[in-house]
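Let me begin by presenting the structure, written as structure tokens, before commenting on it.
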Amino acid sequence: MLSRRNFFQGAGALTAAVSASAVSRVAMAGLPEPVLQGAADSAPPLQPSTGRPYRPVLTLNGWTLPWRMNQGVKEFHLVAEPVLRELAPGMKAHLWGYNGQSPGPTIEVVEGDRVRIFVSNKLPEHTSIHWHGQRLPNGMDGVSGLTQKSIQPGKTFVYEFVARRPGSFMYHPHADEMTQMAMGMMGLWVTHPAPAAKKQQGLIEPVDRDFCFLLNAFDIEPGAATPKIMTMLDFNLWCWNSRVFPGIDTLNVRKGDRVRIRVGNLTMTNHPIHLHGHEFTVTGTDGGPVPKTARWPEVTTDVAVGQMRQIEFIADEEGDWAFHCHKSHHTMNAMGHGLPTMIGVDHSQLARQITRLVPDYMVMGERGMADMAEMTMPLPDNTLPMMSGDGPFGGVEMGGMFSVLKVRKDQKAGDYSDPGWYRHPPGEVAFE
Ligand SMILES: [Cu+2]
């Protein structure tokens, strides 16, 4: 799925589009070739072929950025650029991101790695990258105007530091942040613990499955494709890694696996993330591993804005377990919020009168909103239904921040592929 394309052609197009100074061919020649991703599917974990070994993560509907080793330094090349992202089958959005996708690729390194990141700007305006949660020299912190000059269109900046602290982190611009984050610019960073780091042992345990994703949100008018960047709270597409249900991949594990899920929040509100069928503990935040004495069992953990939560559990109950944000409006796709409640209102008389004027008039909401899930009213192009997704027993009536943890006893070790719907043992399904 990974594709390499001629960066210089892209740079030429950029020059024409924004009349910025061209990325110097000579300067670019020494940089790692940028790797781009064309698809919104979850790429399999990227097994490290160079550098120190670690157990890679699976980024839900994302991917990990390959690197090159240069005299002991891990070199990555991020390209900030406009991208076309499929939010779910049937809807594509014009976003800004990195290396072909929004969010950008996950960066995975090992505690103690010296990391050099080249950031090329192919956006029409300046940018920067802040490495959220990292210990680093102040001038590498990526705050435009405060710790560095902003990266102008067509320019490439270099960030270099040692990944000192293991854990789950994020990256995002710290330049025209409101616009650039509303357009989808963000990514995950995982620093795996060094095998020799004794003090972390026991606090960051090896796991069988390691998932990660970012919570993000967009406000896109039905029928449009570009997010409204001035929206502060009333977003209509609540995403995991710029995907909405039914476009979010399921989390597929083997019964008995120790599972870690790292969740970061770069939306404008908090998200209580809820798992069915299991209890988990929060084993880490972007501040580091949580001491064992400070952990307690939960089935929901609130992830506030700018936070990361790392949850862990043993997947010991077979089945298809819902995993979602518990704010019910966040498990819906594009919808209006200003509608009156019609439950209990008899508007049959009114409907008859309106039908005389508007023959296609539909009575909605009298019995609740579930009819919406099966509504066949035509939608504008490039728009998702508010509630959708089919399960083995009918419509799931969900959207937004919703996925499924699939626990199977016959899933192979390390196999992240979708096993299909759960086949319930006889007598173990609620009945009429
Ligand atoms: Cu939410």
Side-chain angles (χ1 to χ4, degrees), residues 1-2 37-47 55-64 85-92 101 103 105-106 188 190 207-215 238-263 273-278 280 311-325 331 333 373 384-385 387-425 428-429:
M1 273 184 303
L2 300 180
Q37 171 67 292
D41 304 320
S42 303
L46 179 69
Q47 300 295 337
R55 288 195 194 190
V57 298
L58 180 133
T59 307
L60 211 55
N61 295 100
W63 58 298
T64 288
R85 172 73 170 182
E86 186 191 66
L87 299 182
M91 181 167 187
K92 288 186 172 142
Q101 293 294 325
T106 300
L188 285 156
V190 175
V207 292
D208 302 296
R209 312 268 167 168
D210 204 335
F211 297 92
C212 59
F213 59 92
L214 284 172
L215 304 162
W238 299 96
C239 305
W240 289 2
N241 268 2
S242 303
R243 292 284 279 186
V244 294
F245 183 79
I248 301 173
D249 284 343
T250 53
L251 294 83
N252 311 313
V253 312
R254 181 169 65 160
K255 186 180 180 186
D257 274 354
R258 172 170 280 275
V259 180
R260 178 185 292 140
I261 306 174
R262 310 163 191 255
V263 186
I273 299 299
H274 176 53
L275 176 63
H276 292 211
H278 297 80
F280 58 75
I311 67 171
E312 282 174 40
F313 57 96
I314 305 290
D316 52 7
E317 297 287 350
E318 269 203 291
D320 289 341
W321 302 104
F323 179 50
H324 59 95
C325 174
T331 51
N333 291 328
L384 299 168
M387 304 147 91
S388 69
D390 289 323
F393 297 98
V396 181
E397 302 177 345
M398 288 280 163
M401 295 172 156
F402 181 93
S403 188
V404 178
L405 170 77
K406 296 190 172 185
V407 184
R408 299 289 188 276
K409 64 174 183 305
D410 46 5
Q411 191 85 1
K412 298 274 182 297
D415 178 8
Y416 281 89
S417 66
D418 186 348
W421 298 118
Y422 183 54
R423 298 164 71 93
H424 302 83
E428 291 192 9
V429 176

inquiry  = Tell me every residue that passes salt bridge (Lys or Arg N to Asp or Glu O under 4.0 Å) with Asp208, counting only those two or more places apart in sequence or in another chain.
reply    = none

ask   = Distance from Leu60 atom CG to Asn241 atom CG, nearest 0.5 Å?
value = 6.5 Å

message = Which residues pass the ring pair (Phe, Tyr, Trp, His ring centres under 6.0 Å) test with Phe402, not counting sequence neighbours?
response = Phe245, His324

task = Measure the spacing between CD1 of Ile273 and CZ of Phe213 and express it to the nearest 0.5 Å.
result = 5.5 Å

ask   = Side-chain contact, heavy-atom cut-off 4.5 Å: Leu405 with Thr250?
value = no

Arg243 side, atom CZ; Ser403 side, atom OG - distance, nearest 0.5 Å = 11.0 Å

query = Any donor and acceptor pair, going by atom type alone, linking the side chain of Gln411 with main-chain N or O of Val253 inside 3.5 Å?
reply = no

request  = Compute both the distance and the angle, then confirm whether Arg262 meets the cation-pi test with Phe211: under 6.0 Å from the six-membered ring centre, within 45 degrees of the axis.
outcome  = no

ask   = Roughly how far, to the nearest 0.5 Å, is the OG atom of Ser42 from the CG atom of Asp249?
value = 3.5 Å

inquiry  = Can a donor-acceptor pair be found, under 3.5 Å and without considering hydrogens, that links the side chain of Asp257 to the backbone of Val259?
reply    = no

message = One thing to verify: whether Arg260 and Glu312 come together as a salt bridge, which I'm taking to mean a side-chain N less than 4.0 angstrom from a carboxylate O.
response = yes

message = The criterion is side chain to side chain donor-acceptor pair (under 3.5 Å); which residues satisfy it with Arg408, sequence neighbours excluded?
response = Asp320

ask   = Within the side chain of Asn333, is there an N or O that forms a donor-acceptor pair under 3.5 Å with the backbone of Leu384?
value = no

note = The reported gap from CG in Leu215 to CH2 in Trp240 (rounded to nearest 0.5 angstrom) is 7.5 Å

inquiry  = Working to the nearest 0.5 angstrom, can you tell me the gap between Phe280 CZ and Leu275 CG?
reply    = 6.5 Å

request  = Please confirm whether His276 and His278 have ring centers closer than 6.0 angstrom.
outcome  = no

key: Side-chain touch Lys412/Arg254, heavy atoms, less than 4.5 angstrom   = no

key: Under-4.0 Å salt bridge between Asp210 and Arg55   = no

